[in-house]
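This structure is a prediction, so every number in the text was calculated from the model and none was measured.
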Amino acid sequence: MSSVKKFVSDTVIYGFTTIVSRMISFLMTPLYLRKFKDAAVYGVYSNLYASVSMLNAILAFGMETTYFRFLQKVDHQDRGRVFNNSFIVTLTTAALLLISVFIFIDPIAAWFANGDRPEEYARYIRYFIFILVADALAVVPFAKLRAQGRPIRYSYLKFFNIFVVLFSNLFFLVYLPAWIKTSAFWADFAAGWFQEGWIGYVFLSNLLASLLTLCLLLPEILTLQLRVDKPLMKSMLAYSLPILVANISFIINENLDKILFPKLLPGEAGKTDLGIYAAVTKLAVFLSLFVTAFRLGAEPFFFSYAKNENASRTYARIMEYFVIVMVLVMVGITVNLNWLKYFIKGNELQPDVYWTGLKVVPFILFNFVLLGIYMNLSVWYKLTDQTRFALYISLVGALATIGLNIVLIPVFSYVGAVATTSIAYFIMIGLSLYWGQKYYPIPYHFLKIVLYLIVSLGISLISFFIFDSNFWIGNGMLLLFAVVILFLERKQLQSLLARRK
């Protein structure tokens, strides 16, 4: 059981900063919804960040996973060569993107603007390109800190980034507008350039944080030797290319709906619906956090533990614990939507505009559970170096996502987007299970996992659609569900407690 404890420890240490970052983003959401003039502006915000996530995957080029994998494949004294190759790849992709965007910035801005203030979108894109470059160059140094087991420095840098974003947002959106009204000094300081409620200040805050964090990573970056090990690079690129495609496909599954929304539902109505969809998705933050924290802890753990004779049984046990926690969080959020919805309350003119999208929240939560299961299943092709299967699975999922979004969003708006994500994840889980059990069998308890999924989704839907998210009824069902799980898992828990003693 010590292996599971080590996995949990890594997940907590490296996932905590991500949890705090996402939580602060979640807590900032009410501020954005009140400061932006309407839901359409929040739709612009969501569209741009969704598009950036796609470029983030391209710039990273799958090097984080590749770095961890190849550290296990080379001798200890050769680990520097893995770092050099990994960083040179991200440096090259970042330079190419930077040059390309500045050459084609006008048509790119026009595409995003859709005829609405292209010069303003050009400013946004300039901010984002430098955010992307800074974040891409930080990927491998942060992975190096994790591989070296340096959680204090890793956490310090992540927290520094978080607080720069937080305080910059507060300065531009809250403090400066208030000070301008009460202080001649600040009024003179802001004269001629400050625009109250301008969405660009959110992007500028992100840019400041990314650049300053990259500067603090210089001690790691300066260990770089600009020397390519060609045979090693060839092997690393062969391994990373399918992962890159898989990561892009993953982003397509997660964010293509938000990227295509303004094109599939043009005009203010489309932007408004996208703003509503993006806002209600924020209510799934707790589940999203757990999935992200799991990925951060799982990847290095799975690679380092792969040679253990009990590896497959440990992976199966982790899947069970993972699903249990996920479904409990899913039900917990759904049954408390009646008060959680106030986190996405609009401004004085549109106080309840975002609440019209609450009906899709149970399904958004379920999609995050499916995503977590797929991430858990993906261990087999990474450990067996058969990343081509990641390519096959993710391409099928991406094609399903693209086709279904094009068909469903114009008809059903964000309801169609949520349904598309569910179908795509089911397809990807099925393919991963089929090939995974063939090439790297793991003794998952399929019946138990499926029952937990069905029961948890049933409780969520009953609570929302039949009992209207009644606090007492919903939490009573949650408590009963938790008690039943404790009873069913009592032997596993007793074994865990006995081993700890």
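Using a 4.5 Å heavy-atom cutoff, the side chains of K258 and F261 are not in contact.
Residues satisfying the side-chain contact (heavy atoms from CB on, under 4.5 Å) test with L451, not counting sequence neighbours, are L447. Listed by chain and residue number, I427 satisfy the side-chain contact (heavy atoms from CB on, under 4.5 Å) test with A400 (two or more places apart in sequence, or in another chain). Under the ring pair (Phe, Tyr, Trp, His ring centres under 6.0 Å) criterion, F322 pairs with F290, F294, sequence neighbours left out. With sequence neighbours left out, S235 forms a side-chain hydrogen bond (donor to acceptor under 3.5 Å, both in side chains) with no residue at all. Shown here are the side-chain contact (heavy atoms from CB on, under 4.5 Å) partners of Y392, two or more places apart in sequence or in another chain: R388, F389, W435. Not a single ring pair (Phe, Tyr, Trp, His ring centres under 6.0 Å) links Y452 to another residue, sequence neighbours left out. Residues satisfying the side-chain contact (heavy atoms from CB on, under 4.5 Å) test with N336, not counting sequence neighbours, are W339, L340, F471, N475. Listed by chain and number, the residues in a ring pair (Phe, Tyr, Trp, His ring centres under 6.0 Å) with F467 amount to none (sequence neighbours excluded). Every side-chain hydrogen bond (donor to acceptor under 3.5 Å, both in side chains) that R153 has, sequence neighbours left out, goes to E220. Residues satisfying the ring pair (Phe, Tyr, Trp, His ring centres under 6.0 Å) test with F104, not counting sequence neighbours, are none.
Smallest separation of non-hydrogen atoms from S100 and L96: OG-O, 2.7 Å. Considering all non-hydrogen atoms of both residues, N376 and Y444 come closest at O-OH, 4.0 Å. When every heavy atom of I88 is checked against every heavy atom of R227, the shortest pair comes out as CD1-N, 3.9 Å. Scanning all heavy atoms of the two residues, the minimum distance from V140 to M63 falls at CG2-CB, 4.2 Å.
Of the inter-residue distances, the one linking Y156 atom OH with N161 atom CG reads 11.5 Å to the nearest 0.5 angstrom. Going from atom CG of L97 over to atom CD1 of I129 covers 3.5 Å, rounded to the nearest 0.5 Å. To the nearest 0.5 Å, the span separating CG on L488 from CD1 on I324 amounts to 8.5 Å. Separation of atoms CG (L265) and CG (D257) is listed at 11.5 Å; rounding is to 0.5 Å. For the atom pair CD1 (I333) and CG (L365), the distance works out to 5.0 Å, reported to the nearest 0.5 Å. T93 contributes atom OG1, which lies 8.0 Å from atom CG of L137 (distance to the nearest 0.5 angstrom).
The residue from V101, T90, L98 that alone fulfils the side chain to side chain contact (heavy atoms under 4.5 Å, CB included) condition with V133 is L98. For the pairing with V280, the side chain to side chain contact (heavy atoms under 4.5 Å, CB included) check across L337, I364, T356 returns one residue only, I364.
For S463 (side chain) and I459 (main-chain N/O), no donor-acceptor pair under 3.5 Å exists by modelled atom type. With hydrogens and angles ignored, the 3.5 Å screen pairs no side-chain donor or acceptor of S432 with any backbone N or O of M428. With hydrogens and angles disregarded, a donor-acceptor distance shorter than 3.5 Å links the side chain of S456 to the backbone of L453. Formation of a donor-acceptor pair under 3.5 Å by the E64 side chain with backbone atoms of A143 is not found in this model.
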Show your working on side-chain contact (heavy atoms from CB on, under 4.5 Å) between T213 and D135 and close with a plain yes or no. CA-CA 9 Å; T213 303; D135 288 349; over 6 Å; no
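Listed by first then second residue, pairs satisfying salt bridge (Lys or Arg N to Asp or Glu O under 4.0 Å) with a partner in residues 429-450 read E320-K448, K448-E489, not counting sequence neighbours. Residue pairs satisfying the side-chain hydrogen bond (donor to acceptor under 3.5 Å, both in side chains) criterion with at least one member in residues 405-429, sequence neighbours excluded, are listed as follows: E254-Y425, D273-S413, K359-Y414, N367-S422.
Note that R150 lies outside the cation-pi zone of Y154, set by a 6.0 Å cut-off to the ring centre and a 45° limit from the axis.
By the 30° and 60° cut-offs, the orientation of the rings of Y67 relative to F83 is perpendicular.
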